[in-house]
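Atoms considered below: every heavy atom in the structure, side chains included; atoms not considered: hydrogens, waters and symmetry mates. All values derive from a computational prediction rather than experimental measurement.
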Amino acid sequence: MSKVLNGVYIDGSWRAGNAVLDVINPATEEMLAQVSVGDALAVTQAVDAASAAFSDWSKSTGRDRAALLRKIAQGVNEQREPLMHLQSRNNGKPLFEAAIDVDDVIATFEYYAGVAEAMDAGQDCPVDLPSADFSARLRREPCGVVGLIVPWNFPMVTTAWKLAPALVAGCCVVLKPSEVTPLAELQLARVMAEAGLPAGVFNLVCGTGLAVGAPLAADPRVAKISFTGSNAVGVQVMQRAAETIKGVSLELGGKSSLLVLADADLDLAVELACGGGFFNAGQMCSATSRVLVADSLADEFLQRLQKRVEGIRVADPFADEVEMGALINRVQYQRVLGHIQRGVEDGARLLCGGERPADLAKGFFIRPTVFTDVPLDSALWNEEIFGPVLCVRRFATEDEAIALANHSDFGLVASVVSRDNETAERVANALQAGLVWINAPQVIFPQAAWGGYKQSSIGRELGPWGLAAFQEIKHVIRSN
Ligand code: NAD
């Protein structure tokens, strides 16, 4: 067993915390590392450091910030392989998925470096006024010290989506990774330190939600909390933030649909259903866990889907030809099995999966699972499962499919499969979702926004919207 890792980085130096957390490899159930984590005092000290660094950092130019972001992207790129391995070991996801994560982090830092480079020229731009007696200019200024709180399903990725734009805006940061998956963020913090970020601009406090996340959301000196996680915790974060009228950006749960229209390419539809349901073992806020299939195709689709799903290789993330890895921990494993059990009790028909693979004695593995005939009022149909479980329903008309997809408290994403562009675009326009893919896997570009309708989100990440989330708008109006 290696030594206990320091999980607190404040004002440019690593510190031990006041408690030790075990980090588990979910594919083997073995302890991977121990991390010394912080508490409310560490949060106060991190906010002290961030507040002290803010004066200088907020005055740095976009060009200066861009140079640092490019160095961070380069540092991550140089550590691509070890970061992938770390991600797979800590999260249970296959290496090919971990590679997508690391590449996304690099792309995000590079994209926001480009945004930072263009920023100086746009600052103080004149504002047209309907009077010659006055002139006005527009400034975009950093909102202050910000708290970033992230979950375990895409460690480092959700962090990069917040961290890169926050730094470009000129904010100083206190980051709280998930206590379940702190290892990739600890490595990212080392990369940030090597890139030469001034002390105090980036601070990290590992620890539990209650010990670290809650005091961060409550600290009156924190101007904004950007949170990704469950709706239940999102509500608590918002309540705490409300006490000091903090800004909040929330990325929460989803119950998204994949619509297989009557003219769909069935092989493509099956692949997209598997990708949308089983990537990251289904632990995606954007999982298209509702699959809506046109009546005319449904029998054939289900036959092909069952064959494909039964052939999915579930294995250790480092095994040959692995397609799906482990769930994150025992709690999540039992929660998902509980949902499956309840789905059966509620009258849904289990087409395949539903149990752990017979050949895997250890690890939090569940076979990819497909239900059909899922009752509309069941938990399976309405709640986020956050595991490898697809629910398939048939529809008769396009309007019925759209109504079924939109009937949800959430509205994060959707996918449409159709050979006819006009039909697909019309359906995409009718769906209440922040991102709709047509005949495409769940590709994500930093140029396009991430976030959803209804209870899925408040605000948007990525693109210029992700940057605006960390900026204040100031107009200066002068008498001529
Ligand atoms: P979670 O809400 O349990 O935890 C998220 C983070 O909040 C963790 O760092 C946790 O330690 C912290 N936290 C817990 N209690 C807190 C409190 N009282 N105050 C402040 N912080 C607290 O979520 P999870 O189980 O880690 O992640 C799964 C959830 O995240 C799912 O619901 C999923 O849909 C959601 N998610 C959403 C998106 C998105 O972009 N919309 C992306 C990924 C995950």
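- Checking side-chain atoms of Ser457 against main-chain N and O of Gly452 turns up a donor-acceptor pair under 3.5 Å.
- In this structure, Glu110 has no salt bridge (Lys or Arg N to Asp or Glu O under 4.0 Å) partners at least two apart in sequence or on a different chain.
- Closest heavy-atom contact between Gly234 and Leu252: CA-CD2, 4.0 Å.
- A side-chain donor-acceptor contact under 3.5 Å links Lys246 to the backbone of Ala217.
- Ionic pairing of Glu117 and Arg70 is present here: one or more N-O contacts between side-chain nitrogen and carboxylate oxygen are shorter than 4.0 angstrom.
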What donor-acceptor contacts under 3.5 angstrom involve side-chain atoms of residues 138-157, with partners at least two apart or in another chain?
unit_1: Arg139; atom_1: NE; unit_2: Glu141; atom_2: OE2; d: 2.6
unit_1: Arg139; atom_1: NH1; unit_2: Asp124; atom_2: OD1; d: 2.9
unit_1: Arg139; atom_1: NH1; unit_2: Asp124; atom_2: OD2; d: 2.9
unit_1: Arg139; atom_1: NH2; unit_2: Glu141; atom_2: OE2; d: 3.4
unit_1: Glu141; atom_1: OE1; unit_2: Lys474; atom_2: NZ; d: 3.2
unit_1: Glu141; atom_1: OE2; unit_2: Lys474; atom_2: NZ; d: 3.3
unit_1: Asn153; atom_1: ND2; unit_2: Gln283; atom_2: O; d: 3.2

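- Counting non-hydrogen atoms of other residues, nucleotides and ligands closer than 6.0 Å to CZ of Arg240 gives a total of 12 or fewer.
- Glu383 is linked by a side chain to side chain donor-acceptor pair (under 3.5 Å) to nothing, counting only residues two or more places apart in sequence or in another chain.
- When atom types are taken as modelled, the side chain of Asp104 and the backbone of Ala107 share no donor-acceptor pair closer than 3.5 angstrom.
- Counting only distance, with no hydrogens or angles, the side chain of Asn90 and the backbone of Val23 share no donor-acceptor pair below 3.5 Å.
- Ser36 places a side-chain N or O within donor-acceptor distance of the main-chain N or O of Gly17, the cut-off being under 3.5 Å.
- In this structure, the side chain of Lys71 does not engage the main chain of Ala67 through any donor-acceptor pair within 3.5 Å.
- Remark: Thr208 pairs with no residue by the side chain to side chain donor-acceptor pair (under 3.5 Å) rule, at least two apart or across chains.
- In this structure, the side chains of Ile340 and Ile366 come closer than 4.5 Å at one or more pairs of heavy atoms.
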> Where do Lys162 and Ser249 land on the side chain to side chain donor-acceptor pair (under 3.5 Å) test, with the steps shown first?
Replying inline: CA-CA 10 Å; Lys162 299 177 189 307; Ser249 291; over 6 Å; no
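- Note on Glu323 versus Arg308: salt bridge recorded, some NZ/NE/NH1/NH2 to OD/OE distance being below 4.0 Å.
- Not a single donor-acceptor pair under 3.5 Å links the side chain of Lys255 to the backbone N or O of Asp409.
- Identified under the ring pair (Phe, Tyr, Trp, His ring centres under 6.0 Å) test for residues 69-102, with sequence neighbours left out: His85-Phe318.
- Side-chain atoms of Glu185 do not come within 3.5 Å of backbone N or O of Thr159 as any donor-acceptor pair.
- Ion pairing between Glu30 and Lys362 fails under the 4.0 Å rule for side-chain N and carboxylate O.
- In this structure, Arg80 and Asp103 approach most closely via the heavy-atom pair NE-OD1, 2.7 Å.
- Here the closest non-hydrogen pair linking Leu197 and Phe202 is CD2-CB, 3.5 Å.
- Residues satisfying the side chain to side chain contact (heavy atoms under 4.5 Å, CB included) test with Ala160, not counting sequence neighbours, are Val105, Thr108, Phe109.
- In this structure the side chain of Pro357 reaches within 4.5 angstrom of the side chain of Val314, judged on heavy atoms.
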